[in-house]
Structure formats: structure tokens, C-alpha cells
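Numbers for residues simply follow the sequence, beginning at 1.
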Amino acid sequence: CVSIDNDSNIGNNCDDHPTTLLCNSELSITKTDGVDTIIAGDGVTYTFNITVRNNGPSFARVVQVRDTWPPEYTYVSPPIVVGRPELFCGVVATGFECNIGTMPEDTEVVIQVSYQVLDNVAPSQVTNRVTVTGECSENTTVDNTAFDTNTILNDANLNIIKDDCNSKIIAGGDPNT
């Protein structure tokens, strides 16, 4: 409100004008496990690093990460947000979800999840998809989904042993005895 001395009508000194504040964030996500080829049943534990970034200009609100976990992968450890134990990630039927909440502009969080590929997995190409969403508007959402593809191979170590059940062979003798 504005008021000046000798104002004969103070009833017109204030005005209410509702204003809607909008947020605009630019979320992005990347995902890698650092490998391209995995031998099924090799016993190695692989770790995905998923990086979520808010490039601003506003805080990003209600940020969620959803990963469609392939059935070829077996969890070794549940997903966690590195350095942020108060943030929740949970395994669901189709993968896992992490509730990040609010992210200030120009910040990022890293989610890690470890897995193995069991020996009964057939050779194939396996693609893992992860998506980030938020409540704020974005100019582009092309970088809100990331993929990581691995080639699964099998490595069988087979041996053949042939035994004729005879410890002695006599030259010129009957081969059937």
C-alpha cells in the first residue's frame, strides 16, 4: 500500500493482484555401469551409476527417478542415493523408484545400484532404461531418459573324457576284449 500526507481517499491506496509463480527446471539423467559385455554367471558384481541433474533456472520439485529393471539382472544391493541417506529408493515389481524431492538449480544426485547376471541367462542384448520426472515445466525432456545396453554372453567350459575301460592294449590282440 502507498500513502501520502493529505490523502483524502485512503481506500484506493492498496491493490491486490494474485500472481501465480511458475517453476522451470531443466532435469537430465545419465546411466552407466562402465561395461558393454557381461559373461553370464561370472560372479562379478556390476554397479550402475545414475546421475540426475537440475540445470535450473528454478528449483526442481517432486523429482522422481524410475528404472525399468531387466529380469536378466539380479539385485546385489538395493538402490541408494549416494551421500543422501534420507532419500528413499524402493524396489517395485517393474524395477525401482527413488523419490528425490526438491533439487536446487545446478545440483546433482547420484544413485547407485549393484547387480549380477546369473549363469542361467541366455545370450542376448539387454537394455536398461531410467527416467527422471519433476513437477516443474521444462523446455526439453529429451535428456530425461537414459539407456545402458549390455551384451550378455555365455562361457561354457566343457571337457570330454573318453575311456576304453582297458588299462592294457596288446598289439595284434582282439580289439573287443
- Taking atom CG of Asn55 and atom CG of Asn139, what is their separation to the nearest 0.5 Å? 11.0 Å
- Message: Please give me the minimum heavy-atom distance between Val62 and Glu135, naming the atom from each residue.
- Response: CG2-OE2, 3.6 Å
- By side chain to side chain contact (heavy atoms under 4.5 Å, CB included), which residues pair with Glu72, not counting sequence neighbours? Pro70, Val121, Val126
- Mind checking whether Val82 and Ile50 sit in one hydrophobic cluster, side chains of I, L, V, M, F, W, Y counted as touching below 4.5 Å? no
- Are any non-hydrogen side-chain atoms of Asp155 and Leu153 less than 4.5 angstrom apart? no
- Task: Measure across Ser25 and Asn54 and return the closest heavy-atom pair with its distance rounded to 0.1 Å.
- Result: CB-OD1, 3.4 Å
- State yes or no: do Val92 and Val113 share one hydrophobic cluster built from I, L, V, M, F, W and Y residues joined by side-chain heavy-atom distances below 4.5 Å, directly or via other members? no
- Message: Is there a path of hydrophobic side-chain contacts, each under 4.5 Å between heavy atoms of I/L/V/M/F/W/Y residues, joining Ile39 to Val76?
- Response: no
- Please report the C-alpha distance between Arg53 and Thr30 in whole Å, then the side-chain angles of each, then the deciding distance to 0.1 Å, and finally whether the side chain to side chain contact (heavy atoms under 4.5 Å, CB included) criterion is met. CA-CA 9 Å; Arg53 180 159 182 78; Thr30 59; over 6 Å; no
- Approximate separation, where rounding is to 0.5 Å, of Gln125 CD and Ile152 CD1: 8.5 Å
- Task: Would you list the pairs meeting disulfide bond (SG atoms under 2.5 Å apart) in which at least one residue belongs to residues 58-94, sequence neighbours left out?
- Result: Cys89-Cys98
- Verdict with reasoning, Thr133 to Asn144, per side chain to side chain contact (heavy atoms under 4.5 Å, CB included): CA-CA 7 Å; Thr133 59; Asn144 288 24; 5.8 Å; no
- Output the distance between atom CD (Glu97) and atom OG1 (Thr131), rounded to the nearest 0.5 Å. 11.0 Å
- Looking only at non-hydrogen atoms, find the nearest pair between Ile38 and Val35 and report the distance. CG1-CG2, 4.0 Å
- Can you list every disulfide bond (SG atoms under 2.5 Å apart) pair that touches residues 113-161, not counting sequence neighbours? Cys23-Cys136
- Item | Test item: side-chain donor near acceptor, Thr149 and Thr127, under 3.5 Å | yes
- Item | Side chains of Val132 and Val63 in contact at under 4.5 Å (non-hydrogen atoms) | yes
- Candidate list Asp67, Val65, Val91, test side-chain contact (heavy atoms from CB on, under 4.5 Å), partner Pro79, passing option: Val91
- Item | Check: Tyr115/Asn128 side-chain N/O donor and acceptor closer than 3.5 Å | no
- Drop me the distance from Arg66's CZ to Asn99's CG, to the nearest 0.5 angstrom. 8.0 Å
- Query: Which residue pairs pass the side-chain hydrogen bond (donor to acceptor under 3.5 Å, both in side chains) test with at least one member in residues 41-51, sequence neighbours excluded?
  - Reply: Asp42-Tyr46, Thr45-Gln116, Thr47-Ser114, Asn49-Gln112
- Note on the structure: Interatomic distance, CG@Asp143 vs CD1@Ile29, rounded to 0.5 Å, equals 10.0 Å
- Tell me, please, which residues at least two apart from Leu87 pass side chain to side chain contact (heavy atoms under 4.5 Å, CB included). Val81, Arg84, Ile100
- Between Tyr73 and Asn150, does a side-chain hydrogen bond (donor to acceptor under 3.5 Å, both in side chains) hold up when you go through it step by step? CA-CA 11 Å; Tyr73 297 162; Asn150 290 320; 3.0 Å; yes
- Hey, mind stepping through Ile111 and Phe96 against side chain to side chain contact (heavy atoms under 4.5 Å, CB included) and telling me if it holds? CA-CA 11 Å; Ile111 300 165; Phe96 66 86; 4.3 Å; yes
- Task: Name the orientation class of the two ring planes belonging to Trp69 and Tyr75 (parallel below 30°, tilted from 30 to 60°, perpendicular beyond 60°).
- Result: parallel
- Message: I'd like to check the ring pair (Phe, Tyr, Trp, His ring centres under 6.0 Å) partners of Phe88; sequence neighbours left out, ordered by chain and number.
- Response: none
